[in-house]
Every structure is written in C-alpha cells, then in structure tokens.
Amino acid sequence: MSYARVLCVGLVGMSGHVVEVEADLSVGLPAVVLTGLPDAALNEARDRVRAAVVNSGQHWPNRRITVNLLPATLPKQGSTFDVAIACALLAGAGELPLQPLEGVVVLGELGLDGTVRPVRGILPMVAAAAAAGLQRVIVPLENAREATMVPGMAVGAVDSLRRLVSFICGGHDLLPPPPPIVAPEPRGPDLADIAGQEFGRYAIEVAAAGGHHLSMLGPPGAGKTMLAERLPSILPELDDTSALEVTALQSIAGVLPADGRLVRRPPFQAPHHSASLAALVGGGTGLARPGAISLAHRGVLFLDEAPEFANGTLQALRQPLESGRVVLARARGNTEYPARVQLVLAANPCPCANPGGEQFCQCTALVRRRYLSRISGPLLDRIDIQITLPPIRAAQLMTTAATTEPSAAVARRVAQARAAAAARWAADGWLVNAEVPGPHLRRQPWRLPPKATAALRAGLDRGSLSARGFDRILRLAWTIADLDGRQRPSGSDVDEAAQLRLGDAHARQAEH
C-alpha cells in the first residue's frame, strides 16, 4: 500500500477545522514534498518527522513521499501535524495498519528523539473534532487534562512515537489522561482592602453590575489601581459557554494553567504602557495570535497610566469595544478573536503626578491639557463611567478593614442586578445592560418618559452630549435601577447616570 490518510485538526483563530493528512509514496528520487498551504514551522516537519521515525526504531522509506493537507485552501500553521504526518507515511509504507486510526484525530509535535511534545490550542481543536462528529482523539500526555474538558470525547495520551506505534500494532495501550488537580481557587484581592473612596467603590459596583467601561482620574495613591484589580472579585463566575471561550483563548495563547479545569473566574489583563499594538489587540507573523484584549474576553482589560500608551495603540481599541471582537487581516488570511471586555482606564491628572494635587503641581494648564488629551475624545466617548477620585485622607487611611464592605457582599448585589438584566433581555440574548443597543432603549416598551430624559435631550441638542453618550447614560440608568431592585429607572436614576458619566457625582453613602 502506498497511500494512507490520518485525521488532524488545524486552527484559524479560534475556529478549528478537521484536516485530512494524506501520504503517498511513489517511485522516484527520495524526497518529502509537503503541500496544502503549510507555514514555515510546518514545512520544517519533514526533518523533525524523519529524525523521530528513525530514532523510534522504524524504517524510513527511501521513496518519493508526498504529504498533502486537505482542505488545501485552508492555511496550516504550527507543529500540531507532526504525529499525524508520521503515522500517515508509516501507514503508507506498510509499516502500520490503518484500521486502529479510523475516525481518530491525532495531534502533537515530535521531538527529534521521537518524544511527543505538547502543543497550543488543544481545547478548541478537540472541540472542533467533536463538532465534526468524531469521538476519539490522541493527544500529547501534557495536553490530556485539557482535552478531557470536551464532553463526549474518548481521550488517549502518548508520550512518544514508539508508544503510539506499539498501540497501533496492538502491543500496548495508550496512557490514560492524568486526573484533574484538585486545589482551592486562590484568593484574589478584596474590596475590604480599599481605604475610603466610597464613590470609587460605588462606581466599580455599577460597572460590574452592568458590564460598563470605566475611567478613573486621580492623583497617585488615590486607589485607582487597587479598585481596578478588585473589579474581577465582584463579577459573577463564568457560565459554561463563556468559560469554554476563555479557556480556549488561553490555550491558543499558551497561558492555560496545567490543572485541567475550565477557567471560571473572569480574566484580568493589565498590559504595561509600553505594550505594542500587536500585544494589545493581537498580531504576529502568519495568522495572528490573540492579544491582551482577547485574553481579557469576558473579563477586565486594565490600562494603567493610560495617557502613556502610544496613541495608535489606544485608538485600535475603539472598534473592538463596539463590536466585541477583533478581526486581524493578514496576507495569509483573516483571523477573528472575541473581545467582549470591560475596559478600565486609570490616569494621573498631569505628567508630574504630584500627590499633593493642583496646589503642589508643577505643570501648566497647557501641559495638563495636552497630557490628558492623549486619551482621545472618541475613545472616552465609549467609556460609560468617567470619575475623578480625590486624594486619600489620613482618617480614611487608618480605617480598619472590619468597617469596610468586602467583595463578597458587593458581589451578591451585582449578581442580583445581573440576574434581573438577563431576565429582562433574555428574549434578545443580551446578558448585561452594556450589551443592549441604544435604539432598543429608545423604543417602546423600554423608552423612558420625556420628563426623565429632558436634560439629556437638551444636552444632545446643545452638542455637549453625543448620541453614543446619550445611549450609554440610558444603559447606566437601567443598571442603577437594577441595583436598587426597581423594574424601571426613574428621573433620579437618569440624573445619577449622567453624573457618573461626567464624573462629578457624589456617592450615596447612606444607601451603599
């Protein structure tokens, strides 16, 4: 037999596609030809596979070998196809029977000594195989826990090509997947650690309840970073669909923990202000990799010292914030990643960042204005909540944690508000108020009385408020009503939402 076929999976972004690895051995000068749009790493598989086959005690066929990856129009990348290529050419040479690999997906990278090494993106690959109706998969031992996250798949693990060949020939069994690591979730930062800043705490609560973007301006030490880091602690755990998306993204990026569990906590990404455009939104050679905004999907993307980011990098966030996805166009094809995040910006009021405030500031009014203008108006217009935090006073700093509300108590209110919003918008598929389109809120039965929105309409007519800002204030008003347990927002809710948007509200300390 000179022809054999083995199944594998290729990834384009988060989309997995079943790939048929064909091997044909013919008479001619010994050579290995790889076709089907392989990238550079995949082209190098010819040398890796040859060394791995020889060092595993198998005979290398001295014939002309053509390896084709179907569908040939789909770009292929990475070393995921190594093991499947080795099995296909050995089967084509008559060294292996094909029947044990019928309907089995084979994934993994080969070392020169024949070891099977882990690869990125196992979870979305196995999920794609399951969606195609396949039920068996062979993966590297280090990826086996991750593969078992997909229900209904029979997972076998291998640590070497020699073991896989022995299994196919009927000599040994595959390794069972390691059991999941049972360990308590690490305890994250708690809101009880925040001294003072009742208004900032309330803004964080509203942002969490409605999925709203947030901007915080204030002097150093006011608590901007501490508040942002504690936002995930009051967000609900991810449901199964969102957890699979987040876990798959981390698998593709190679940052998934090895404990074999779905990521249930909303992710938190805080890239340094020197991060490049590719690091923030995704990029790289060939088909693009996910960036920080996609790794923060269903979680929080925190940009500390936001004015220090490159202007082009910040502007690239505008479209993903609206659509909830990133589409990266490259010469080899387009790659799409989800990017439904809560953006949190933090900034000092001026470059000198004197903790004493304007009284001790060394910057002129022009310098301060230029500094803050690095965050463009169109980007700020997409930020629902824009607040200014005052400096911390000594009496607030010395307050004991026992008198401060912990994250667990705030998280219960947030969960109740989110449940109310999800029930209200269930027919349309929206989970939080921030996802509701503005036109929907301006139509019956959700349209608020003219008296409640009179100030907003006046600001829109004067030009002091954009149409996008008008809609975002309406969303905030619905979130405030959900936190208070009311069915519809009142005029005072709209006013408070407008104040949160403009940054000059006072926290309702007696109620919250």
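The shortest side-chain heavy-atom distance between His440 and Trp430 falls under the 4.5 Å cut-off. You'll find the side chain of Asp190 stays beyond 4.5 Å of the side chain of Ser233, heavy atoms only. By the 4.5 Å heavy-atom criterion applied to side chains, Ile122 and Leu256 are not counted as neighbours. With contacts defined as side-chain heavy-atom distances shorter than 4.5 Å, the pair Gln342/Phe302 does not qualify. The side-chain heavy atoms of Leu345 and Gln386, taken from C-beta on, include no pair separated by under 4.5 Å. Counting heavy atoms from C-beta outward, Asp471 and Leu441 have side chains that stay 4.5 Å or more apart. Between Pro267 and Leu295 there is no side-chain heavy-atom pair separated by less than 4.5 Å. For the pair Arg289/Arg120, a side-chain contact is recorded, criterion being any heavy-atom separation below 4.5 Å from C-beta on.
Ion pairing between Arg264 and Asp240 holds under the 4.0 Å rule for side-chain N and carboxylate O. Ion pairing of Glu435 with Arg418 is absent here, as no side-chain N (NZ or NE/NH1/NH2) approaches a carboxylate O to less than 4.0 Å. Between Arg472 and Glu322 there is a salt bridge, since a side-chain N of the basic residue sits under 4.0 Å from a carboxylate O of the acidic one. Salt-bridge formation is detected for the pair Arg501/Asp381: a Lys NZ or Arg NE/NH1/NH2 atom is positioned less than 4.0 Å from an Asp or Glu carboxylate oxygen.
When all heavy atoms of Gln319 and Arg325 are compared, the closest pair comes out as OE1-O, 3.8 Å. Shown here for Leu277 and Thr313, the closest heavy-atom pair between the two residues is N-OG1, 3.8 Å. Smallest separation of non-hydrogen atoms from Pro338 and Leu249: CG-CD1, 3.8 Å. In plain terms, the two heavy atoms of Gln197 and Ala222 that are nearest each other are NE2-O, 2.8 Å. Closest non-hydrogen pair, Pro271 versus Leu301, comes out as CD-CD1, 3.8 Å. Taking both residues in full, the closest heavy atoms of Ala203 and Leu500 are given as CB-CD2, 4.5 Å, listed atom of the first, atom of the second, then distance.
The distance from atom CG of Leu465 to atom CG of Leu502, rounded to the nearest 0.5 Å, is 8.0 Å. For the atom pair Arg340 CZ and Ser242 OG, the distance stands at 10.5 Å (nearest 0.5 Å). Atom-to-atom distance recorded for Ser376:OG and Gln315:CD is 3.5 Å, nearest 0.5 angstrom.
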Check the pair Leu317 / Arg382 against side-chain contact (heavy atoms from CB on, under 4.5 Å), numbers first and verdict last. CA-CA 10 Å; Leu317 297 176; Arg382 290 166 168 81; over 6 Å; no
Could you walk me through whether Arg475 and Asp384 satisfy the salt bridge (Lys or Arg N to Asp or Glu O under 4.0 Å) test, starting with their C-alpha distance in whole Å, then the side-chain angles of each, then the deciding distance to 0.1 Å, before giving a yes or no? CA-CA 9 Å; Arg475 297 170 186 167; Asp384 301 13; 5.1 Å; no
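Arg447 CZ: 12 or fewer foreign heavy atoms inside a 6.0 Å radius. Other residues, nucleotides and ligands contribute at most 12 non-hydrogen atoms within 6.0 Å of the CZ atom of Arg370. For Arg374, the CZ atom counts as densely surrounded, since its 6.0 Å shell holds more than 12 non-hydrogen atoms of other residues, nucleotides or ligands.
Listed for the Arg265 side chain is no donor-acceptor partner under 3.5 Å among the backbone atoms of Pro232. Using a distance-only test at 3.5 Å, with no hydrogens or angles considered, no donor-acceptor pair links the side chain of Asn433 to the main chain of Leu476. Panel note: side chain Thr247, backbone Val263; a donor-acceptor pair is recorded below 3.5 Å. Not one N or O on the side chain of Ser407 forms a donor-acceptor pair closer than 3.5 Å with the backbone of Ile234. In this structure a side-chain-to-backbone donor-acceptor pair under 3.5 Å is present from His213 to Leu343. Looking at Thr453, its side chain never comes within 3.5 Å of a backbone N or O of Leu456 through a donor-acceptor pair.
Of the options Val344, Asn348, Ile387, a side-chain contact (heavy atoms from CB on, under 4.5 Å) to Lys224 is made by Asn348 and by none of the others. Residue Ile204 is tested with Ile194, Leu214, Val414 for a side-chain contact (heavy atoms from CB on, under 4.5 Å); the sole match is Leu214. Across Arg424, Gln416, Arg413, a single residue satisfies side-chain hydrogen bond (donor to acceptor under 3.5 Å, both in side chains) together with Asp482, and that is Arg424. Tested against Val126 for a side-chain contact (heavy atoms from CB on, under 4.5 Å), the candidates Val9, Val137, Leu134 yield a single pass: Val137.
With sequence neighbours left out, the side-chain hydrogen bond (donor to acceptor under 3.5 Å, both in side chains) criterion links His273 to no other residue.
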